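I'd like to ask some things about the structure below.
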Amino acid sequence: DAGITQSPRHKVTETGTPVTLRCHQTENHRYMYWYRQDPGHGLRLIHYSYGVKDTDKGEVSDGYSVSRSKTEDFLLTLESATSSQTSVYFCATKPGLGADNEQFFGPGTRLTVL
Amino acid sequence: AQSVTQLGSHVSVSEGALVLLRCNYSSSVPPYLFWYVQYPNQGLQLLLKYTTGATLVKGINGFEAEFKKSETSFHLTKPSAHMSDAAEYFCAVDSQGGSEKLVFGKGTKLTVNP
């Protein structure tokens, strides 16, 4: 395993409140990703990072922001949570580009927005 | 844009029977292809991948997949299902040959009946 932890693992919050999810890795991987997983949709990319302070949007980035101030940490923030953001969120990391570099996944965070 | 289609959101087999999970992709350039497995309440882990070279790829737990360019397919097979194979399986494509992002299919949930 690539030493990826996510916190919290479970969270219940109310509509309109801010939420921050944390991904921490110990492998010094360059790339980090945030996905959401919903039934019938598979995994969809929210944002990703290709280095410290270098981030880009994925296919479902509206309502989410990210930050990466250190190689090992990638934060996902929901500025004002909505019920449509109830989902399971996965962080992934990747050492670099190229054929031998796969993505490694964290254990997930289950977020419920009431 | 690349895409992945997994035929059948649910597949059910008997223990000892052949497992066949279907994946078709679209890509304008030679793709890198992946199969990931997700056990209940866990993150995804890599089963196998095709990048270049031999088109029949062997992975962990007795699974294998064959890249067929003419059919744009990368179906996953296992000769004899085991109860422990019950999980959700995701096909993914990286159509830029080691680029930053993967596109995932919507997943196939495999049930193994005793």
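The model shown is predicted, which means the values in this text are computed figures rather than measured ones. Residue numbers begin at 1 in each chain, while the letters A, B, ... track the order of the sequences.
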Taking every non-hydrogen pair under 4.5 Å, which of A:Tyr31, A:Tyr50, A:Tyr48 racks up the most with chain B?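 Highest number of pairs under 4.5 Å: A:Tyr48.
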Would you say A:Tyr33 and A:Leu111 are hydrophobically clustered, going by side-chain heavy atoms of ILVMFWY under 4.5 Å? no
Would you mind reporting whether A:Phe105 and B:Gln42 have side-chain heavy atoms less than 4.5 Å apart? no
Portion of A:Arg44 that has a non-hydrogen atom of chain B nearer than 4.5 angstrom: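 Neither part, no heavy atoms under 4.5 Å.
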Going hydrophobic residue to hydrophobic residue with side-chain gaps under 4.5 angstrom, can you get from A:Val12 over to A:Tyr89? no
Hey, which of A:Ala92, A:Gly40, A:Gly106, A:Gly108 has the most heavy atom pairs under 4.5 Å with chain B?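 That would be A:Gly40.
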Relative to chain A, which segment of B:Gln45 carries a heavy atom at a distance below 4.5 Å: side chain, backbone, both, or neither?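 Neither part.
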Any idea which heavy atoms bring B:Gln38 and A:Phe90 closest together, and the distance? NE2-CZ, 3.2 Å
Run the side chain to side chain contact (heavy atoms under 4.5 Å, CB included) test on B:Leu44 and A:Leu43 for me, step by step, so that the C-alpha distance in whole Å, both residues' side-chain angles and the decisive distance to 0.1 Å come before the verdict. CA-CA 10 Å; B:Leu44 281 69; A:Leu43 273 81; 4.1 Å; yes
Non-hydrogen atoms of chain B under 4.5 Å away: do they reach the side chain of A:Gln6, the backbone, both or neither? neither
Part of A:Leu45 within contact of chain B (heavy atom distance under 4.5 Å):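 Contact with chain B involves the side chain of A:Leu45 alone.
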Rounded distance (nearest 0.5 Å) linking atom NZ of B:Lys101 with atom CD of A:Glu59: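 The NZ atom of B:Lys101 sits 9.0 Å away from the CD atom of A:Glu59.
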Treating Ile, Leu, Val, Met, Phe, Trp and Tyr as nodes and any side-chain heavy-atom pair under 4.5 angstrom as an edge, say whether A:Phe104 and A:Ile46 lie in one connected cluster. no
Minimum heavy-atom distance between B:Asn41 and A:Arg9, given as atom pair plus value: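 Shortest heavy-atom separation between B:Asn41 and A:Arg9 comes out as O-NH2, 4.4 Å.
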Non-hydrogen side-chain atoms of A:Gln37 and B:Phe90 separated by less than 4.5 Å: yes
Side-chain heavy atoms nearer than 4.5 Å, only ILVMFWY residues, links allowed to pass through others: does that put A:Val66 and A:Leu75 together?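 No, A:Val66 does not connect to A:Leu75 through the hydrophobic network.
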To the nearest 0.5 angstrom, please state how far the CD atom of A:Glu102 sits from the CG atom of B:Leu102. 10.0 Å
So if you build clusters from Ile, Leu, Val, Met, Phe, Trp, Tyr with side-chain heavy-atom gaps below 4.5 Å, do B:Phe63 and B:Val93 land together? yes
